[in-house]
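One structure is given below, encoded as structure tokens.
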Amino acid sequence: WDLRHVYSAGEIRARAAACMGLDGKCDSVACSRYVSTLDEDYVWDTCVDCQEIDYGGWPEDEYPVDHITDEHREVIAEMCSKVENPNMPNLPSVPPHPEVPDTAGPQVTAGGDAVGDQEGEEQASPEEERWDLRHVYSAGEIRARAAACMGLDGKCDSVACSRYVSTLDEDYVWDTCVDCQEIDYGGWPEDEYPVDHITDEHREVIAEMCSKVENPNMPNLPSVPPHPEVPDTAGPQVTAGGDAVGDQEGEEQASPEEERWDLRHVY
């Protein structure tokens, strides 16, 4: 059984999964999800106490996350255990900073020549780190406090509305509220959003839970999703030879595809 998921503070507060231990009689909230190596569909959600009984506690290494915040630990202790000082994962409280290779000096080839010192070549410079907005937390995620803001050296107590990812390390993420986003990233980006609209309700939740100012800045996005462009197929499509597509003998004229809505996700 491998530990595949550590439930976030928001998921635990929202009671996303009940502990399955003690033959289903445990009434604590699950903090961990284990998966069988024989069957990926066979999962087991467990609290800290039942994890001690069934799996011998937290693993020594190989976690699906790289850190557990102090707030996260407090929520685990409060809702996922009945002992006074439950065991906690052996992980740091803040995300580790990605190691950046030392490229201050010239890189030397096997032949002894410095890379970039050949005639007509400039010395290569290390890639500059950028932070891209990869996720805007939904109204439901914000209400469930899915992620705490990591700004102000971890002292901000607002709920995160945005997740940024480093261009140097995809595993290095930063969750931020509107106010700390202004400090650290200069506010919302001008373009390149991971969503195409923000509803009025979503804006109200962001303003209420992700900021302490009266009228916080909001994303420059419409309140309704843009309607997809539908090609004009009202008339027959004509080929280069002048014949209408579908008018050849024995063929029916093609009609535009009818829009359907498929259920793709059950929360």
Side-chain angles (χ1 to χ4, degrees), residues 5 7-16 65 69 71-72 95 127-152 154-237 254-267:
H5 182 65
Y7 285 98
S8 69
E11 290 174 317
I12 294 171
R13 287 195 188 98
R15 298 181 175 272
V65 293
T69 66
E71 179 202 13
H72 196 169
E127 181 187 353
E128 183 180 354
E129 184 177 37
R130 296 191 324 277
W131 289 85
D132 295 335
L133 176 61
R134 291 290 181 83
H135 182 65
V136 177
Y137 285 98
S138 68
E141 289 174 317
I142 294 171
R143 287 194 189 99
R145 298 180 176 270
C149 178
M150 301 164 70
L152 302 180
K155 296 184 177 69
C156 181
D157 58 0
S158 291
V159 181
C161 59
S162 308
R163 167 164 285 192
Y164 286 79
V165 176
S166 168
T167 56
L168 295 184
D169 187 344
E170 289 284 325
D171 293 329
Y172 193 18
V173 301
W174 197 261
D175 293 318
T176 180
C177 67
V178 176
D179 304 339
C180 293
Q181 184 173 245
E182 290 284 339
I183 298 170
D184 297 329
Y185 303 103
W188 297 97
E190 295 182 7
D191 48 24
E192 296 185 7
Y193 282 85
V195 292
D196 58 11
H197 73 288
I198 298 283
T199 65
D200 292 337
E201 177 201 12
H202 195 170
R203 292 172 200 268
E204 291 172 4
V205 174
I206 290 174
E208 177 187 349
M209 302 186 66
C210 307
S211 177
K212 289 182 168 60
V213 303
E214 189 171 348
N215 292 305
N217 286 333
M218 287 292 157
N220 184 25
L221 290 171
S223 297
V224 293
H227 198 284
E229 294 184 7
V230 180
D232 182 10
T233 53
Q237 302 175 41
S255 60
E257 181 183 357
E258 182 180 354
E259 184 179 31
R260 298 192 322 275
W261 290 84
D262 297 334
L263 174 61
R264 290 293 177 85
H265 181 70
V266 177
Y267 288 96

Between Gln181 and Thr176, do the side chains contain a donor N or O and an acceptor N or O under 3.5 Å apart?
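Result is no, nothing qualifies.
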Can you list the residues that meet the side chain to side chain donor-acceptor pair (under 3.5 Å) rule with [X], with sequence neighbours excluded?
{"X": "Ser211", "result": "Asp179"}
{"X": "Glu190", "result": "none"}
{"X": "Glu208", "result": "none"}
{"X": "Thr167", "result": "none"}

Test ring pair (Phe, Tyr, Trp, His ring centres under 6.0 Å) applied to Tyr193 - qualifying residues, sequence neighbours left out:
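Per chain and number, Tyr193 pairs via ring pair (Phe, Tyr, Trp, His ring centres under 6.0 Å) with no residue.
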Donor-acceptor under 3.5 Å (Ser158 side chain, Cys149 main chain):
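No.
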Donor-acceptor contact present, side-chain Arg145 to main-chain Ala9, <3.5 Å
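A pair under 3.5 Å: no.
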Residues that [X] engages under side-chain contact (heavy atoms from CB on, under 4.5 Å), provided they are two or more places apart:
{"X": "Ala16", "answer": "Tyr7, Glu11"}
{"X": "Val173", "answer": "Arg163, Val165"}
{"X": "Asn220", "answer": "none"}
{"X": "Asp196", "answer": "Pro225, Pro226"}

Assign the ring pair Trp131 / Tyr172 to parallel, tilted or perpendicular, where the plane angle (0 to 90°) is split at 30° and 60°.
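Judged by the thresholds at 30° and 60°, the geometry between Trp131 and Tyr172 is perpendicular.
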Just jot down the salt bridge (charged side-chain N to carboxylate O under 4.0 Å, His left out) partners of [X], sequence neighbours excluded, or say none.
{"X": "Asp157", "value": "Lys212"}
{"X": "Glu204", "value": "none"}
{"X": "Glu201", "value": "Arg143"}

Close side-chain approach of [X] and [Y], heavy atoms under 4.5 Å:
{"X": "Ile183", "Y": "Leu152", "answer": "yes"}
{"X": "Met218", "Y": "Ile198", "answer": "no"}
{"X": "Ile142", "Y": "Cys210", "answer": "yes"}
{"X": "Trp174", "Y": "Cys180", "answer": "no"}

Closest contact, heavy atoms only, Asn217 versus Trp188
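What the structure gives for the nearest pair is O-NE1, 3.0 Å.
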Could you tell me which non-hydrogen atom of Asp175 sits nearest to which non-hydrogen atom of Ala148, and how far apart they are?
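Closest approach of Asp175 to Ala148, heavy atoms only: CB-O, 3.7 Å.
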Rounded to the nearest 0.5 Å, what separation is found between the [atom1] atom of [X] and the [atom2] atom of [Y]?
{"X": "Arg203", "Y": "Leu221", "atom1": "CZ", "atom2": "CG", "value": "6.5 Å"}
{"X": "His135", "Y": "Tyr164", "atom1": "NE2", "atom2": "OH", "value": "13.0 Å"}
{"X": "Ser223", "Y": "Asp200", "atom1": "OG", "atom2": "CG", "value": "4.0 Å"}

Decide if atom CZ of Arg134 counts as having more than 12 heavy atoms of other residues, nucleotides or ligands within a radius under 6.0 Å.
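Count over threshold, so yes.
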